[in-house]
K.L.:
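Have a look at this one before I ask anything.
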Number of protein chains: 4
Amino acid sequence: MPKETFLRLRDDKQERILRSAIHEFVENGFDRAKIGDIAKNANVATGSIYQYFQDKRELFVYCAEWGLKVLFKKFNEHMNIADKDIFEYLEDYLAIVKAMDKDREVILFMQLIEKEPSLRDDSMKAMYNVGGEHGKKLIENGKRRGTVRTDIDDDLLMEYYTAVAERFGMRINRHWDFITEMTEEQSQNIQKEFTQMLDILKNGMGC
Amino acid sequence: MPKETFLRLRDDKQERILRSAIHEFVENGFDRAKIGDIAKNANVATGSIYQYFQDKRELFVYCAEWGLKVLFKKFNEHMNIADKDIFEYLEDYLAIVKAMDKDREVILFMQLIEKEPSLRDDSMKAMYNVGGEHGKKLIENGKRRGTVRTDIDDDLLMEYYTAVAERFGMRINRHWDFITEMTEEQSQNIQKEFTQMLDILKNGMGC
Amino acid sequence: MPKETFLRLRDDKQERILRSAIHEFVENGFDRAKIGDIAKNANVATGSIYQYFQDKRELFVYCAEWGLKVLFKKFNEHMNIADKDIFEYLEDYLAIVKAMDKDREVILFMQLIEKEPSLRDDSMKAMYNVGGEHGKKLIENGKRRGTVRTDIDDDLLMEYYTAVAERFGMRINRHWDFITEMTEEQSQNIQKEFTQMLDILKNGMGC
Amino acid sequence: MPKETFLRLRDDKQERILRSAIHEFVENGFDRAKIGDIAKNANVATGSIYQYFQDKRELFVYCAEWGLKVLFKKFNEHMNIADKDIFEYLEDYLAIVKAMDKDREVILFMQLIEKEPSLRDDSMKAMYNVGGEHGKKLIENGKRRGTVRTDIDDDLLMEYYTAVAERFGMRINRHWDFITEMTEEQSQNIQKEFTQMLDILKNGMGC
DNA sequence: CATGAATGAGGTTTCATTCAT
DNA sequence: CATGAATGAAACCTCATTCAT
């Protein structure tokens, strides 16, 4: 969806621009994000952005598509989705998120997308090309293996899963902010909370 | 937090203005919301808004405070919180939401607040005055009555609850949009999904 | 020039309003002075100002007229102009200014008038009714008594006198600001500078 | 203090903009001066002004700095300050002012600066960088040469000098306004008044 | 293709003045 | 007459987008 010009750029320049945009979007939201600042941080001229993308909107949408690609690529380096069910996936997800400092911002950006209703549809469509059936497959895996309840349809389960996973992801991020060197005790606390999260996701809050 | 002038206005005028603002914010988000349009829809002059509120931001924050008050008032007309646990509450919550056509927008606005990071803190602070310990109390009730698991602390449970309830609330709203007259079948579908939601919340998605 | 309504007010209320206006004008200049603040500080309603004066401009002009009246009245309580020449007058002027704490602001206001070119003409005209030939008379006195040089016409002398007196007046005010209790030394310094000022005025800076 | 963008502009464009601003400020004062009009008269877009300067205030302050630079440059083309005393300087000053039709407005602007109390400090600071010790040096020259009295300190003398010179400058300007072709008689009148001014400055009005 | 200056529509905010009570 | 809410014109300033070099 970006112009040819952009795709012909060297990969590292493309990445510099997209990360700069993602940084700005995450920091300020879509409306307050300034093309000028994105350009400046990427060390390109403001006008150049318009050689690459139709407008701000298209840049945003492409960030979504690119960001998702990046995350999946990273994940897949660490694990094979095919034979995992959704709980294992989350466990890995959070562990991997922890390992990906550079991409923290990309993850935050993914969470931002839902919050821009006017852009959501376009971005989601773009993301669907990449992420599409990914989640559903994990749920199917779970159902087949008998770890996910089968009395509720995939769609509703996915909604539940996404909500909980996202919020817990944010919580983890909150706890990790500003922590560079973690004490043994901190590490254990996070590990404990982490186990609890997974347990709630599986078993709910009722008893 | 609004100026004295606003508080001296007749109640119905105050409400007209706030609902107009909420409508605009929900429709366009904070940045794209135009004071001029808010004023026009409320049948007042643009300048008047600035007799009432310091600026757009203060208007937004006060909408949050007022909105929550309105919702709580409505809820409390229908049910007594004191002797309910959190599941019963949710059950009633959704039922009541269904009954409150006029306030649909206020509910959407409440969901919007989290999506405006720069305003979130101020709004949350204002809302806390109203909503504060409400949720925690419901969880305590549940733990005391033995319907909520006690092996996990209130804080994490609240986070989980909020995430799921909010997302399911949005889902319900999505289904209801544009439905004025509901067929018997539609009604049953919603009832069914609703029961399922409650079940997931209680028992999680695992088995 | 104000409306009848204003002139029918009790004297102390008139004074309260005018002093409030003068305070605001001195503090902020004509443009940034707010009618609302003037009214608030005078303990009257904003609208009332418009019962008294056509508009902001007329209020300003009347402040000039009133202020000059007040100053002259104060001066005349302390000295008889008729038999003084211009140097004696200045000597007294500065001494009296020192004695009039309450009217410091009125004096500052008089100095402000020249700085509002667009209002100057109207204000000057109003002031002329009061102050008019005052200065000229003092110069004539001086010429008659032989203390003022006669080789230069009154007009140019007046211009010179006003410029120097005003600037020295501001300088005095600057030195006095924030001084409530004056030490013997400070008092002597001012007295000395004062004598010098008068000397320069009389004898110029040449030698 | 302006943005880089401005300084990279061609000199004649910079000048066009600054003269347009000075014109507007002189005509209307700081508050009533409209950025839109400044831009229009300079043949640039309103927004461009904001590419060049942070805001109206910064534009004003830079006008002060630039204006003083221009005047000094012009003066220095006509005379060498180093070996002049303050009276000769004034003599030349007024003569040169007469010769500088194009810069009449710049001179008026310099006089305006004192009248904007809120901007005075910043502008003065900017001007000090340029004009700084200029006046003091002239006074020192005079004292050394024996043309300026030595019994009074430089500071007070400078205040006196500035007051008189400024006012006489304004008077000269007043007389010259609207005069394009001067009759012999007019010229002689001015010359006469001029000589008188210098005499008053030197010898005061006393006798 | 890169650059960064130029543009101007559009929105927020201010406040003198009016007007209904 | 007093009050203070209502009005809306007017001005500053922002920034996405265009365009000339």
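Letters go in sequence order (proteins before strands), and every chain restarts at 1.
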K.L.:
Using modelled atom types and a 3.5 Å cut-off, is there a donor and acceptor pairing between side-chain atoms of D/K34 and backbone atoms of D/E24?
P.N.:
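Absent.
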
K.L.:
May I ask you to verify whether the side chain of B/Q51 and the base of F/dA6 hold a donor-acceptor pair under 3.5 Å?
P.N.:
yes

K.L.:
Nearest to the side chain of D/V44, heavy atoms from C-beta on, is which of E/dT13, F/dT17, E/dT7?
P.N.:
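Ranking E/dT13, F/dT17, E/dT7 by closest atom to the D/V44 side chain puts E/dT7 first.
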
K.L.:
Taking the side chain of D/K34 as heavy atoms from C-beta outward, which of F/dT7, E/dA6, F/dC12 is closest to it?
P.N.:
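Nearest nucleotide to the side chain: F/dC12.
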
K.L.:
Is any side-chain N or O of B/R8 closer than 4.0 Å to OP1 or OP2 of F/dA5?
P.N.:
yes

K.L.:
Whole angstroms only, please: what is the OH-P distance between B/Y50 and F/dA9?
P.N.:
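Spelled out: OH on B/Y50 to P on F/dA9 is 16 Å.
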
K.L.:
Between D/D31 and A/G36, which is nearer to the 5' end of DNA chain F once each is assigned its nearest nucleotide?
P.N.:
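Here D/D31 is the residue nearer the 5' end.
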
K.L.:
Counting side-chain heavy atoms from CB outward, which of E/dT3, F/dA6, F/dT17 is closest to A/A45?
P.N.:
E/dT3

K.L.:
Map B/K13 and D/D55 onto DNA chain F by nearest heavy atom, then report which one ends up closer to the 5' terminus.
P.N.:
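Closest to the 5' end, via its nearest nucleotide, is B/K13.
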
K.L.:
Using a cut-off of less than 4.0 Å, is there contact between a side-chain N or O of D/T5 and OP1 or OP2 of E/dA5?
P.N.:
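So the side-chain polar atoms of D/T5 do come within 4.0 Å of the phosphate oxygens OP1 or OP2 of E/dA5, strictly under.
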
K.L.:
Should A/T46 be listed as having a side-chain N or O under 4.0 Å from OP1 or OP2 of E/dG4?
P.N.:
no

K.L.:
Which nucleotide, if any, forms a Watson-Crick or G-U wobble pair with E/dT18, using both distances under 3.5 Å?
P.N.:
F/dA5

K.L.:
Taking the six-membered ring for Trp, are C/F60 and C/F53 ring centroids under 6.0 Å apart?
P.N.:
no

K.L.:
Identify whether any heavy atom of D/A33 sits under 4.0 Å from a base atom; if not, whether one sits that close to sugar-phosphate; answer base, sugar-phosphate or nothing.
P.N.:
sugar-phosphate

K.L.:
Hey, does A/Y52 reach any base, or is it just sugar-phosphate, or nothing, if we go heavy atoms under 4.0 Å?
P.N.:
sugar-phosphate

K.L.:
Determine the contact category for A/L59: base if any of its heavy atoms lies under 4.0 Å from a base atom, sugar-phosphate if only primed atoms, P, OP1 or OP2 are that close, otherwise nothing.
P.N.:
nothing

